[in-house]
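Inspection log for the structure reproduced underneath, given as structure tokens.
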Amino acid sequence: MLQDKVAVAKKIDALLRNIIASGGFRLKYRITVNPASAASGSDLEQPEILVELAGPDSGLLLERGAEALRAIETVVHESLRLSSEDHDKISFDCQGYRAARQQELRLAAEVAAEKVLKAGVPFSFAPMSSRERRLIHLAFRDHELLTTQSEGEGGRRYVVLYPRNYKPPKPPRR
């Protein structure tokens, strides 16, 4: 839990003012401490501080899978010297991108679960951020028949969904 959320929010405000001015972005933002639960009903990710950006340059933040939005979030996390456990406590969004992406991940998880249960073989998701991988892991944490595992390195890490008691086939003998 973040100690003094109001002080953290003020630091975020100062950092964003500097980033937006230095980058020449046409953006505004709203920082909410202890935001109400999102309308999506997701209990998987509830930040303590939500930063919502909007404006004529919103499209720039959302290009290439919201790469610039994630970069700003990373700069803020690093500037605040947050431990990795606290990264999920501060969330950045732009034009509802995060909520839409969470819904997309939930639907992908449902489809993957159906495939794995029907075929009995693992399903590999595409590479995704640590936050998105965490959402997939949380979606299946209490599932009786399925389990997850992250694999890969760096930016190519992905989640594999397995039947709970899956045993990989033995390679043929030579």
| request: May I ask you to check whether over 12 heavy atoms, not counting those of R164, lie within 6.0 Å of atom CZ? | output: yes
Say you draw a straight line from [atom1] of [X] to [atom2] of [Y]; how long is it, rounded to the nearest 0.5 Å?
X: T148; Y: H137; atom1: OG1; atom2: NE2; result: 4.5 Å
X: I72; Y: L15; atom1: CD1; atom2: CG; result: 11.0 Å
X: D93; Y: L69; atom1: CG; atom2: CG; result: 7.0 Å
X: H143; Y: L161; atom1: NE2; atom2: CG; result: 8.0 Å
X: L62; Y: R70; atom1: CG; atom2: CZ; result: 11.0 Å

| E73/R131 under side chain to side chain contact (heavy atoms under 4.5 Å, CB included): CA gap, chis, key distance, verdict | CA-CA 12 Å; E73 185 175 51; R131 183 179 296 224; 3.4 Å; yes
With a 3.5 Å distance limit and no angle check, can you tell me whether [X] reaches the backbone of [Y] through a side-chain donor-acceptor pair?
X: D57; Y: F25; answer: no
X: Y29; Y: D13; answer: yes
X: R101; Y: E132; answer: no
X: R156; Y: P127; answer: no
X: R26; Y: G55; answer: no

| request: Run the numbers on Y166 and V160 for side chain to side chain contact (heavy atoms under 4.5 Å, CB included), then give the verdict. | output: CA-CA 12 Å; Y166 180 74; V160 179; over 6 Å; no
| request: Could you pull out all residues at least two apart from N18 that satisfy side-chain contact (heavy atoms from CB on, under 4.5 Å)? | output: S22
| said: Could you tell me if the side chain of M128 sits less than 4.5 Å from the side chain of L105, heavy atoms only? | reply: yes
| Side chains of V8 and L82: does their closest heavy-atom pair fall under 4.5 Å? | no
| task | Apply ring pair (Phe, Tyr, Trp, His ring centres under 6.0 Å) to F125 and list each qualifying residue two or more places apart in sequence or on a separate chain. | result | F123
| message | Test of understanding: clusters of I, L, V, M, F, W, Y form through side-chain heavy atoms closer than 4.5 Å, transitively. Do I20 and V75 belong to the same one? | response | yes
| said: What verdict does the side chain to side chain contact (heavy atoms under 4.5 Å, CB included) test give for Y158 and E151, after you've listed the backbone C-alpha separation in whole Å, the side-chain angles of each residue and the deciding distance to 0.1 Å? | reply: CA-CA 6 Å; Y158 59 97; E151 297 185 11; 3.5 Å; yes
